[in-house]
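Note: hydrogens, waters and symmetry copies are ignored here, and every other heavy atom, side chains too, is used.
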Amino acid sequence: MSNSSSRNKAIIIAYIALGTNMLSMLVLTPFYLKHLGINTYGLYQLIFSVAQYILMLEFGISMVMTRYILQYRIQNDRREEENFAMHCLYLVLGLCLLIVMAGWVVENNIENLFPNLTTGEISVAHSLFKWMIVQIVLIVLDQYFQGVALAYERYTIVKGIGLMRILLKTAIVILFIQFGMGVMGIVYADVLVMLLCCAMVLLYIKLVLNFKAKWHYFNRQFIKEATPLMFALLLQSIVTYANNAINMTILGRMIDTTTVAIYAVAMTFISVFSAVPTTIQSVYLPQATKMVVKRADNEQLTDLVIGPGRIQLILCMGMLCGFLLFGQQFISLWTGVKTLQAWNIALIIMVPMMIPLVQNVCLVVLTAKNRRTFRSVVLLGITAVNILFTIVLVKQIGILGAPIGTALAYLVGNIVVMNVYYQKKIGFNIPRMFKEIFSGIFWCAIGTAIICVPMLLIPASGMVWLITECSIFCLVYALLLYGFGLNRKEKSAVMQIYRRYIHA
C-alpha cells in the first residue's frame with residue numbers, strides 16, 4: 001500500500017472516529033447529567049481540568065518520536081533509531097515519575113485549591129484525581145508508542161485503535177455507571193480502556209514492526225537538537241491545557257460547579273470544532289519531514305498547507321454557520337435550557353479559533369523544521385494575559401468573561417503574531433495561503449446561512465425538525481460548494497469518490 005493511500009485511509013478512519021466520538025458525547029453528556037446530576041458532573045469537569053495541568057508535562061512525545069525516527073529511517077540508520085528510542089524511553093519513564101510526584105502534591109492540596117467544595121465533594125475529588133493521574137501516565141506511554149507507529153507511517157493502525165478506544169470507553173462507562181459506580185465509573189472506564197489500547201500499540205510495534213529501543217551510546221547531538229523541540233512542545237502543552245482548563249478552574253473557584261458544568265457543555269462543542277479540522281494534521285508530519293529533509297522550497301511548503309487547509313475551512317465554516325443557526329435548538333433538546341448559555345460561550349471562542357485551525361498544517365512544518373519554540377513562547381505570554389483578562393472579566397460580567405478572555409488570546413497570539421512569524425521567519429506565502437484557502441468557500445458558507453435563515457421562523461420544534469433543518473443546510477452547502485466553491489482539482493476528486501463508491 002502506498003503512503004498516500006495509507007494516509008487517505010487513515011484520514012477516513014480518523015473522521016469516522018471523530019463522528020463516533022461526537023455521537024459518544026451526544027449520548028454521554030445527557031447521560032452523565034441525568035445519572036450524576038449537574039453538580040456532580042461539574043465536580044468531575046472541575047477535577048479533570050486540574051488534572052490537565054499535570055498532563056502539560058507531556059511534551060509532545062509522539063511528535064518528537066515521529067520527527068526523529070522518520071529522519072533516521074530516511075537515512076537508513078537503524079542503530080540511531082534504536083538509540084534515539086531508548087533515550088526517549090528513559091525520558092518518558094522519568095516524566096511518568098514526575099507526573100506521579102506532581103499529582104501527589106496537587107491531590108494533597110485539593111481542599112486549598114477549591115475551598116467552596118463540600119466535605120462530600122472533597123472526598124470524591126481526591127478519588128477522582130488519583131485515578132486521573134494513573135490515566136495520564138498511560139497517555140504518556142501511549143503517545144510514545146504511537147510516535148513509533150506514525151514514524152513507520154502506520155496511520156491506519158494508530159487511527160483504528162483510536163476509534164476502538166472511543167467505542168470501548170462509551171460502552172464501558174455506561175455499564176459502570178449503571179452498575180452503581182457513580183462518577184468514579186468514568187475514570188475507571190478511562191483507565192481500563194487506555195491500558196488496553198496502550199498494550200495493543202506496544203504489541204504491534206514489537207511483533208509487527210519488530211521495533212526495539214536499545215542503548216548504544218549517549219548521543220549529545222540528539223540532546224542538543226531535540227531539546228529545543230521538546231521545550232517548545234512542553235510550552236505548547238502548557239498553553240493548550242491552560243486555555244482548555246483554566247477557565248473552568250477559575251469559574252469553579254470564583255463562582256460554582258454549576259457554571260463549570262455549563263462551560264463544560266460549551267467546551268464539548270469547541271472540542272468538536274477544533275478536532276474536525278485537526279484530525280488530519282498528524283498524518284502530514286511524515287510528508288512534511290520528508291519535504292524538509294529534501295529541502296523543499298517555501299512555495300512548495302505553502303502548497304502543502306493550502307490543500308488540507310481548504311478541506312479544513314469547508315468543515316469549519318459549515319460547523320460555525322450551522323451552530324450559529326441551530327445551536328440553541330440543539331442545546332435545549334440535548335442538555336436542557338439550564339445550559340443554554342453554552343451557545344454564547346462556544347460562539348465567542350469558535351470565531352477567532354477558526355483561522356489557526358484552517359492553517360494548522362503549518363505546525364507540522366514547524367515541527368519538521370524544529371522551529372516551534374517561538375510559537376510556544378508567544379502563546380505562553382498570551383495565555384498569561386488570558387488568565388488575567390478572565391479573572392477580571394469574570395468578576396465584572398460573570399461566566400461570559402471567561403470565553404471573551406480566551407477569544408482575545410486567540411486573536412492576538414494565533415492570528416496576528418503567528419502569521420507575521422510564518423511570513424517573515426518561516427517563509428510561508430501567507431497572502432497566497434489565505435487567498436487560495438478561502439477562495440470560493442467562505443461566501444458559499446455565508447450564502448448557505450442566509451438561505452437557511454427562514455427555517456428559523458417556522459414554528460416547529462423537536463429533534464426530527466432539527467435534523468431536517470440540518471440536513472437541508474448540509475444539502476444547500478454541498479450544492480453551493482460544488483457549483484461555486486470547489487476548484488477543478490477538488491471537483492475531480494469528488495467525482496472520483498462518487499464513481500468509486502456509488503457505482504462500485
Side-chain angles (χ1 to χ4, degrees), residues 24-25 27-57 99-140 165 168-195 241-242 244-268 271 335-336 338-339 342 394 399 402:
S24 174
M25 288 189 292
V27 171
L28 289 179
T29 301
F31 177 81
Y32 291 151
L33 291 171
K34 178 181 178 181
H35 288 80
L36 303 177
I38 190 169
N39 288 335
T40 302
Y41 180 60
L43 175 65
Y44 168 79
Q45 289 292 342
L46 181 62
I47 300 306
F48 182 75
S49 71
V50 176
Q52 294 299 288
Y53 298 128
I54 307 297
L55 191 53
M56 292 188 302
L57 295 174
I99 286 168
V100 171
M101 294 170 61
W104 180 81
V105 172
V106 174
E107 190 265 331
N108 280 280
N109 286 278
I110 286 179
E111 295 93 333
N112 299 325
L113 289 172
F114 303 107
N116 294 333
L117 296 181
T118 65
T119 303
E121 288 174 333
I122 289 174
S123 176
V124 174
H126 281 289
S127 299
L128 285 171
F129 194 81
K130 288 175 182 176
W131 281 97
M132 286 178 185
I133 293 301
V134 176
Q135 181 188 357
I136 289 170
V137 168
L138 291 173
I139 288 172
V140 172
R165 180 185 300 130
L168 279 176
K169 190 271 177 78
T170 303
I172 293 173
V173 75
I174 291 175
L175 191 65
F176 281 1
I177 291 179
Q178 292 283 19
F179 279 174
M181 294 184 183
V183 71
M184 293 302 301
I186 303 177
V187 288
Y188 292 156
D190 282 331
V191 169
L192 177 60
V193 172
M194 198 71 240
L195 182 62
Y241 293 119
N244 288 340
I246 191 64
N247 290 350
M248 285 191 283
T249 304
I250 291 172
L251 290 172
R253 185 174 178 84
M254 295 180 64
I255 306 180
D256 54 31
T257 55
T258 299
T259 58
V260 175
I262 294 171
Y263 202 90
V265 171
M267 285 302 299
T268 300
S271 297
T335 54
K338 291 182 179 180
T339 60
V394 166
I399 190 173

- prompt: ring-ring contact (aromatic ring centres under 6.0 Å, His included) with Trp104: which residues, sequence neighbours excluded?
  reply: none
- prompt: Do the side chain of Ser123 and the main chain of Gly120 share a donor and acceptor less than 3.5 angstrom apart?
  reply: no
query: What closest approach, in Å, do Ala189 and Lys169 show between heavy atoms, and which atom pair accounts for it?
result: CB-O, 4.5 Å
query: Which is it for Val183 and Leu43 under the side-chain contact (heavy atoms from CB on, under 4.5 Å) test, yes or no, and what are the steps along the way?
result: CA-CA 9 Å; Val183 71; Leu43 175 65; 6.0 Å; no
Derivation of the side-chain contact (heavy atoms from CB on, under 4.5 Å) call for Val27 and Ile174: CA-CA 10 Å; Val27 171; Ile174 291 175; 4.3 Å; yes
- prompt: What distance do Ser24 atom OG and Phe31 atom CZ have between them, rounded to the nearest 0.5 Å?
  reply: 11.0 Å
query: Say you draw a straight line from CG of Asp190 to CD1 of Ile139; how long is it, rounded to the nearest 0.5 Å?
result: 8.0 Å
statement: The reported gap from CD in Gln135 to CD1 in Ile99 (rounded to nearest 0.5 angstrom) is 11.5 Å
query: Taking atom CD of Glu121 and atom OG1 of Thr119, what is their separation to the nearest 0.5 Å?
result: 9.5 Å
- prompt: CD1/Ile250 to CD1/Ile399 distance, rounded to the nearest 0.5 angstrom?
  reply: 12.5 Å
Heavy-atom pair of closest approach, residues Ile133 and Val100: CG2-CA, 4.2 Å
task: Could you grab the distance from atom NE2 of His126 to atom CD1 of Ile47, nearest 0.5 Å is fine?
output: 8.5 Å
- request: Give the minimum heavy-atom separation between Gly185 and Phe176, together with the two atoms involved.
  value: O-CD2, 3.6 Å
statement: Heavy-atom closest pair (Met194 atom, Arg165 atom, distance to 0.1 Å) is CE-NH2, 3.7 Å
message: Tell me the closest heavy-atom pair linking Val394 and Ala402, and the distance in Å.
response: CG2-N, 3.8 Å
- prompt: Which pairs, with at least one residue in residues 35-44 and sequence neighbours excluded, count as a side chain to side chain donor-acceptor pair (under 3.5 Å)?
  reply: Asn39-Thr258, Tyr41-Gln45
query: Do you know the tightest heavy-atom contact between Gly182 and Ile177?
result: O-CG1, 3.5 Å
statement: When Val173, Val191, Leu128, Ile172 are each screened for side-chain contact (heavy atoms from CB on, under 4.5 Å) with Ile186, the one that passes is Val173
